[in-house]
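Everything quoted here is computed from the prediction, not taken from an experiment.
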Amino acid sequence: MSKILNKSLPTILKQLVADGKITPEIAEDAFDDARKRDISITTHLAQKQLVPESDLALYNSREFGLSYVDLDSLEIPLDITSILSQDLLKKTQAVPLFRMSKALTVAVADPIYLAQLSDIRFATELVPEPVIVEYTKLQRLLNPDYDESSVDSGMSISSDAQAQDLVLETEDLESEEDEDDSGVDVTQFVNDLLSHAIKKKVSDIHIEPYEKILRIRFRLDGILQVVSMPPKSISRKMTSRIKVMAQLNSSERRIPQDGRIHFRVGEEKHIDFRVNTLPTLYGEKIVMRILDSDTAALGVDNLGFDKKQKEDLLAALSKPDGMILVTGPTGSGKTVTLYAGLNILNTSEKNISTAEDPAEIQVPGINQVNVNNKVGLTFASALRAFLRQDPDIIMVGEIRDLETAEISIKAAQTGHLVLSTLHTNSAPETLTRLQNMGVPPFNIASSVHLIVAQRLARRLCKHCKVLNEEIPDKALIQLGFDEAQISSLDIYEPVGCGKCSNGYKGRVGIYQVMPISTKMETMIMNGANSLELAEQALKEGINDLRQSALSKVREGITSLAELERVTKD
């Protein structure tokens with residue numbers, strides 16, 4: 001095994017051995033044989049059929065951070081292939097699939113040819129965007145006489161994506177003709193799609209129709225990835241099927257619609273999909289948000305708070321009144337943080353009410369209200385109603401205007417614990433945002449007890465992350481690491497294996513938890529700006545988001561690339 005881990009061997013061979021796809025001996029022989037034949041290791045593995053081609057394509061897609069696409073699921077327009085000459089097709093070993101504005105998506109099986117894509121850009125004045133495909137399927141497109149045995153591959157998303165344990169609870173769905181001219185069973189395909197999304201633990205499904213293609217993407221760990229490109233001909237039937245499941249008007253294609261699909265997975269577990277449709281030029285785009293109420297049961301210990309941050313949060317939650325604010329961009333996990341706190345407070349002794357747009361996590365014991373601006377049920381009107389319902393704890397999905405802010409602060413000042421969110425970049429900026437809304441500084445200082453700013457960073461896969469020992473000390477200091485700690489600092493980087501997505505699996509919270517101290521209260525009433533409040537927070541030992549992210553890198557939880565991605569603002 002020590003020979004296999006030698007740096008001279010390609011990463012893909014190391015991963016195939018680590019995952020038990022090939023033996024160390026086969027890997028060594030394949031490496032030697034590929035060198036003798038003067039071809040790449042990918043081409044050698046595919047031609048000799050040493051591993052399934054689908055596995056080979058998936059490994060290469062993870063290694064190079066590219067999407068994997070099944071060519072059998074595409075209908076390639078005849079006119080697109082004429083963009084490249086035969087000589088250029090042969091030289092680049094790439095086939096154009098479709099064009100979107102100035103971008104040209106091209107299929108590549110062997111990553112060694114990625115370096116040749118600049119020739120395509122020069123010849124077409126288009127920007128080539130490569131996707132990884134299976135070797136034999138690409139060769140059939142490049143050479144119609146190619147006679148290697150084909151690899152069986154169909155429309156299903158994944159072999160493990162069968163909806164055996166997935167039962168739709170709505171029994172009276174409309175029946176319709178689900179078999180398309182393409183031979184695709186639309187009902188089965190949709191069920192497989194939803195099932196696969198649940199098992200992969202994705203947050204959103206995007207179904208996007210364009211002029212000549214239908215693209216399906218998953219948002220996994222915060223990043224969108226192409227997972228399938230089924231025939232464009234099934235687009236309308238697929239949309240109709242999802243609308244029926246979500247109890248929407250399938251004949252209405254001119255306006256956006258919102259619905260919900262309710263599933264029972266197994267015997268007891270329920271999964272909801274929040275469905276939104278949007279009319280576009282070439283059909284209706286559908287986005288489905290997966291709502292798993294199990295996230296409400298997440299404890300504070302599992303979210304990524306350090307010891308002091310956790311203590312400060314629990315101290316604020318234990319108070320009978322005041323306001324706790326959680327801030328960050330869309331998709332940064334604010335709702336999960338709020339519900340982790342509510343889960344601690346949710347006892348039979350407490351009356352808890354929430355106003356949300358919409359309520360994504362359903363929790364027994366909490367009175368949840370969906371705001372509906374069309375009928376006048378706004379955050380502000382819901383808050384007024386809550387105050388007449390003898391509340392102990394109130395959660396407002398978001399403070400968007402002065403009216404909602406004033407009612408929330410009034411509630412916090414009159415014996416209620418109020419939790420809410422705002423969209424700001426840091427904890428100190430939240431205080432100035434409230435002032436800019438028109439809230440008097442005295443009311444802010446007397447009601448706000450704690451502010452949590454947060455981001456979500458992808459976790460490094462514990463099975464394949466590798467130590468990077470080649471980063472210069474100067475670069476680490478520029479990133480923000482302490483010079484005294486660099487000698488003992490271990491920086492890990494993503495690799496990618498069969499158990500993760502491009503070297504990452506799951507996410508961890510990056511937090512700035514700022515209790516409002518007596519000194520800060522005085523500064524707020526004296527009109528201090530966000531920079532002055534940030535300086536005071538540092539003096540009080542409160543880590544900002546950058547420092548918290550550096551801590552996660554030091555612990556080997558995330559990478560430098562994620563550090564830059566989530567704290568660049």
What I'd like to find out is whether the side chain of L383 reaches to under 4.5 Å of the side chain of V418, using heavy atoms alone.
no
Spacing of CD1 belonging to I205 relative to CG belonging to L220, to within rounding of 0.5 Å
11.5 Å
Measuring from atom CZ of R433 to atom CG of N425, what distance do you get when rounded to the nearest 0.5 angstrom?
8.5 Å
Less than 4.5 Å apart, any side-chain heavy atom of T337 and any of Y511?
yes
For the pair F218 and D204, evaluate side chain to side chain contact (heavy atoms under 4.5 Å, CB included) and give the outcome as yes or no after the intermediate values.
CA-CA 6 Å; F218 284 171; D204 301 88; over 6 Å; no
Measuring from C500:SG to K465:NZ, what's the distance to the nearest 0.5 Å?
12.0 Å
Does L422 offer a backbone N or O that forms a donor-acceptor pair with the side chain of T327 under 3.5 Å?
yes
Is V131 close to V226 at the side-chain level, that is, under 4.5 Å between some pair of heavy atoms?
no
I'd like to check I471 versus L479 (side-chain heavy atoms, cut-off strictly below 4.5 Å). Are they in contact?
no
Does any donor atom in the side chain of S195 or D192 lie under 3.5 Å from an acceptor atom in the other side chain?
no
Does some side-chain heavy atom of L314 sit less than 4.5 Å from a side-chain heavy atom of I344?
yes
Going by salt bridge (Lys or Arg N to Asp or Glu O under 4.0 Å), name the residues that satisfy it together with K505, two or more places apart in sequence or in a different chain.
none
Between N468 and E470, is there a donor-acceptor pair closer than 3.5 Å when you use the side chain of the first and the backbone of the second?
yes
D490 side, atom CG; L467 side, atom CG - distance, nearest 0.5 Å:
5.0 Å
May I ask you to decide if Q547's main-chain N or O and S551's side chain share a donor-acceptor pair within less than 3.5 Å?
no
How about V553 and F481: do any of their side-chain heavy atoms sit closer than 4.5 Å?
yes
Check whether R455 reaches the backbone of P329 with its side chain - one donor and one acceptor, N or O, closer than 3.5 Å.
no
Output yes when a side-chain donor or acceptor of Q454 lies under 3.5 Å from a complementary backbone atom of S332, and no otherwise.
yes
With a 4.5 Å heavy-atom cut-off, do N191 and M245 have their side chains touching?
yes
Closer than 3.5 angstrom, by distance alone: can the side chain of N343 be matched with the main-chain N or O of Y339 as a donor-acceptor pair?
no
Taking atom types as modelled and ignoring hydrogens, do the side chains of Q389 and S353 form a donor-acceptor contact shorter than 3.5 angstrom?
no
Spatial distance of atom CG (L476) from atom CG (D482) [nearest 0.5 Å]
11.5 Å
Could you work out, with salt bridge (Lys or Arg N to Asp or Glu O under 4.0 Å) as the rule, every residue matching D312, not counting sequence neighbours?
K308
Dump the intermediate steps for side chain to side chain contact (heavy atoms under 4.5 Å, CB included) on L387 and I394, then the final yes or no.
CA-CA 9 Å; L387 293 175; I394 295 171; 4.0 Å; yes
What I want to find out is whether E555 reaches K552 closely enough, with some N-O distance under 4.0 Å, to be called a salt bridge.
no
Please check if the side chain of D544 supplies one atom and the backbone of R546 the other of a donor-acceptor pair under 3.5 Å.
yes
Side chain to side chain contact (heavy atoms under 4.5 Å, CB included) against D272, all qualifying residues, sequence neighbours excluded:
R260, H262, L291, Q362
Got more than 12 heavy atoms from elsewhere within 6.0 Å of NZ, K285?
yes
Between the main-chain N or O of Q512 and the side-chain N or O of S548, is there a donor-acceptor pair closer than 3.5 Å?
no
Under 3.5 Å, side chain of S61 to main-chain N/O of I132, donor-acceptor pair present?
no
Verdict with supporting geometry, D473 and E483, side chain to side chain contact (heavy atoms under 4.5 Å, CB included)
CA-CA 8 Å; D473 290 354; E483 188 172 357; over 6 Å; no
Does T430 use its side chain to pair, donor to acceptor, with the backbone of T424 at less than 3.5 Å?
no
Would V202 and R219 count as a side chain to side chain contact (heavy atoms under 4.5 Å, CB included) here? Give the steps.
CA-CA 6 Å; V202 307; R219 188 175 293 279; 5.8 Å; no
Would you check if there is a donor-acceptor pair between the side chains of Q536 and E532 at a distance under 3.5 Å?
no
Is the shortest side-chain heavy-atom distance between D392 and L345 below 4.5 Å?
no
